[in-house]
Protein chains: 2
Amino acid sequence: MQLSCIGIMVARMCERCNYAEMLEGHGVDTTPLREAVLRSVGDESRPLAAAEIMAAVRSRMSINKVTLYRILDLLVDKGLVKRLLAGDRAFRYGMGETRHHPDHPHFVCSRCRVMECLGPDLLPVGIKKFQTKGKRIIKHVDVRFEGICERCLKAGT
Amino acid sequence: MQLSCIGIMVARMCERCNYAEMLEGHGVDTTPLREAVLRSVGDESRPLAAAEIMAAVRSRMSINKVTLYRILDLLVDKGLVKRLLAGDRAFRYGMGETRHHPDHPHFVCSRCRVMECLGPDLLPVGIKKFQTKGKRIIKHVDVRFEGICERCLKAGT
DNA sequence: TTGGGCTTGCAACTCAGTTGCATAGGCATT
DNA sequence: AATGCCTATGCAACTGAGTTGCAAGCCCAA
């Protein structure tokens, strides 16, 4: 990460330009903090709690917690980021759906509360074609697997 | 509800005896408060937030909020009650799985945050046979539909 | 009757997130 | 340059849901 935008082409796309573009593409003016928050979420393979995002952003610049929550609200609102439930009191934040990030279920370890992304293939077939049974409107489905993660299995008795 | 245990047989089972029996059956000594809490959860068709359970119990007897949370912890621990996520910061509590209450997905209205139970038939086929892919152990799957409920659809523009 | 183990209550606390203001920068208009 | 406005950020104080620590009160057994 932190690849130069005008450097030679490398395997990974220039994330820096990318995140700024993503913001603009969703009608959000980019600011250094917004970009840093989105980058912190996007550079991780698993959804993070606000406190983890704050630590990640603070490793590079200074940010107030209120600002962080406001930026997260904004990004969730614009669909760039998804607010996820892990089963404890803290929300997790992961990248919103795009071509590169298709909808997928999550796994939460009930011991260490870490949340992981599962492959979209683990979304049970047919779950996308849920009916609007009754007179309610169904907009999303959220599939959450719970159990013990690999690390805890290795570590614990 | 509140049918007499020694009265004539009516369509519904004697809930009073039932809840006490359920407690004992799960190795929990019954007390008036525990029974009242379990009844409040069991008599509802939808999962309730702690505050709603408190109101329901208090309509019949007095209870302290700490006691309520401790009883809920106990019931969840013993499997009599299930702690559910609605998308806001408050847990919901619904009856645990039994022969009469099979596993089922839930619906949450993103406008009024009310949670409803959906039929077990709405659990996408095959979701029960999820693999223990990788080296993690998967214990539960939680399927949550989100959208706008019937009441809000009628009420709102 | 002494002691231990439960259940319940009260007060104070925690944690994650929110609200209400103040400040500071940017841009447009005068 | 001065004025006004609009947005982004920060600080302090607050909120809501749940938790912790400790003190009764009660029951049963030794």
Side-chain angles (χ1 to χ4, degrees), chain A residues 19-20 23-24 26-38 40-41 47-58 60-78 80-94 108 112-115, chain B residues 19-20 23-24 26-38 40-41 47-58 60-78 80-94 108 112-115:
Chain A
Y19 289 123
L23 287 166
E24 302 290 351
H26 284 75
V28 179
D29 289 347
T30 114
T31 70
L33 287 179
R34 285 173 181 175
E35 212 183 309
V37 170
L38 185 57
S40 299
V41 173
L48 299 181
E52 296 173 301
I53 299 172
M54 190 138 74
V57 172
R58 283 190 169 159
R60 276 174 285 126
M61 59 188 79
S62 140
I63 189 175
N64 181 273
K65 102 184 151 150
V66 178
T67 306
L68 172 61
Y69 283 117
R70 280 197 283 234
I71 291 176
L72 286 172
D73 281 352
L74 177 70
L75 299 183
V76 167
D77 197 64
K78 298 296 183 181
L80 281 152
V81 160
K82 222 169 173 176
R83 206 191 307 268
L84 299 164
L85 304 170
D88 53 14
R89 354 227 47 255
F91 294 116
R92 305 298 138 100
Y93 299 88
V108 177
C112 69
R113 283 292 151 199
V114 159
M115 178 176 256
Chain B
Y19 289 123
L23 287 165
E24 302 290 352
H26 284 75
V28 178
D29 290 346
T30 114
T31 69
L33 286 179
R34 285 172 182 175
E35 213 184 307
V37 170
L38 185 57
S40 299
V41 173
L48 299 182
E52 295 172 303
I53 299 172
M54 190 137 76
V57 172
R58 282 189 171 159
R60 275 175 285 125
M61 60 189 78
S62 139
I63 189 173
N64 181 275
K65 101 183 151 152
V66 178
T67 306
L68 171 61
Y69 283 116
R70 281 197 282 235
I71 291 176
L72 286 172
D73 280 352
L74 177 70
L75 299 183
V76 167
D77 196 64
K78 299 295 184 182
L80 280 152
V81 160
K82 222 170 175 175
R83 204 191 309 267
L84 299 164
L85 304 171
D88 53 14
R89 357 222 46 255
F91 294 117
R92 304 298 138 99
Y93 299 88
V108 177
C112 69
R113 284 291 152 200
V114 158
M115 178 177 256

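Letters A, B, ... are given to chains in the order of the sequence lines, protein chains preceding strands, and every chain is numbered from 1.
- Of the candidates A/Leu48, A/Val81, A/Leu84, A/Tyr93 forms a side chain to side chain contact (heavy atoms under 4.5 Å, CB included) with just one, namely A/Val81.
- Under the side-chain contact (heavy atoms from CB on, under 4.5 Å) criterion, A/Arg70 pairs with A/Val66, not counting sequence neighbours.
- Between A/Met61 atom CE and D/dT9 atom P there is a gap of 10 Å when expressed in whole angstrom units.
- As rounded to whole Å, 12 Å separates atom P of D/dT9 from atom CD of A/Glu35.
- B/Tyr69 pairs by the side-chain contact (heavy atoms from CB on, under 4.5 Å) definition with B/Ala50, B/Lys65, not counting sequence neighbours.
- Judged as a side-chain contact (heavy atoms from CB on, under 4.5 Å), and not counting sequence neighbours, the contacts of A/Thr31 are A/Leu33, A/Arg34.
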Next item on the list: Classify every nucleotide of nucleotides 12-30 of chain D by which part a protein heavy atom approaches to under 4.0 Å, writing B for the base, S for the sugar-phosphate alone and - for neither, in 5'-to-3' order.
Entry: B----SBBBB---------

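- Rounding to whole angstrom units, CG of residue A/Leu48 and P of C/dG17 are separated by 12 Å.
- Between A/Val37 and A/Ile63 there is a side-chain heavy-atom pair separated by less than 4.5 Å.
- With a 4.5 Å cut-off on side-chain heavy atoms, A/Leu85 and A/Phe91 count as touching.
- Between B/Asp88 atom CG and C/dT18 atom P the separation is 11 Å, expressed in whole Å.
- The only option from B/Ile53, B/Thr30, B/Leu75, B/Val28 that meets the side chain to side chain contact (heavy atoms under 4.5 Å, CB included) definition with B/Leu38 turns out to be B/Leu75.
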Protein-nucleic acid N or O pairs under 3.5 Å, nucleotides 4-8 of chain D:
{"residue": "D/dA8", "atom": "OP1", "partner": "A/Arg34", "partner atom": "NH1", "Å": "2.9"}
{"residue": "D/dA8", "atom": "OP1", "partner": "A/Arg34", "partner atom": "NH2", "Å": "2.5"}
{"residue": "D/dA8", "atom": "OP2", "partner": "A/Arg34", "partner atom": "NH2", "Å": "3.4"}
{"residue": "D/dA8", "atom": "O5'", "partner": "A/Arg34", "partner atom": "NH2", "Å": "3.4"}

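- Applying the side-chain contact (heavy atoms from CB on, under 4.5 Å) criterion to A/Ala86, with sequence neighbours excluded, gives A/Asp88, A/Arg92, A/Val108, A/Met115.
- Rounded to whole Å, the distance from CG on B/Leu72 to C1' on C/dT8 is 15 Å.
- The CD1 atom of B/Ile63 sits 9 Å away from the C1' atom of C/dT8 (whole-angstrom rounding).
- Residue B/Thr30 is out of contact with every strand shown, counting any heavy-atom pair closer than 4.0 Å.
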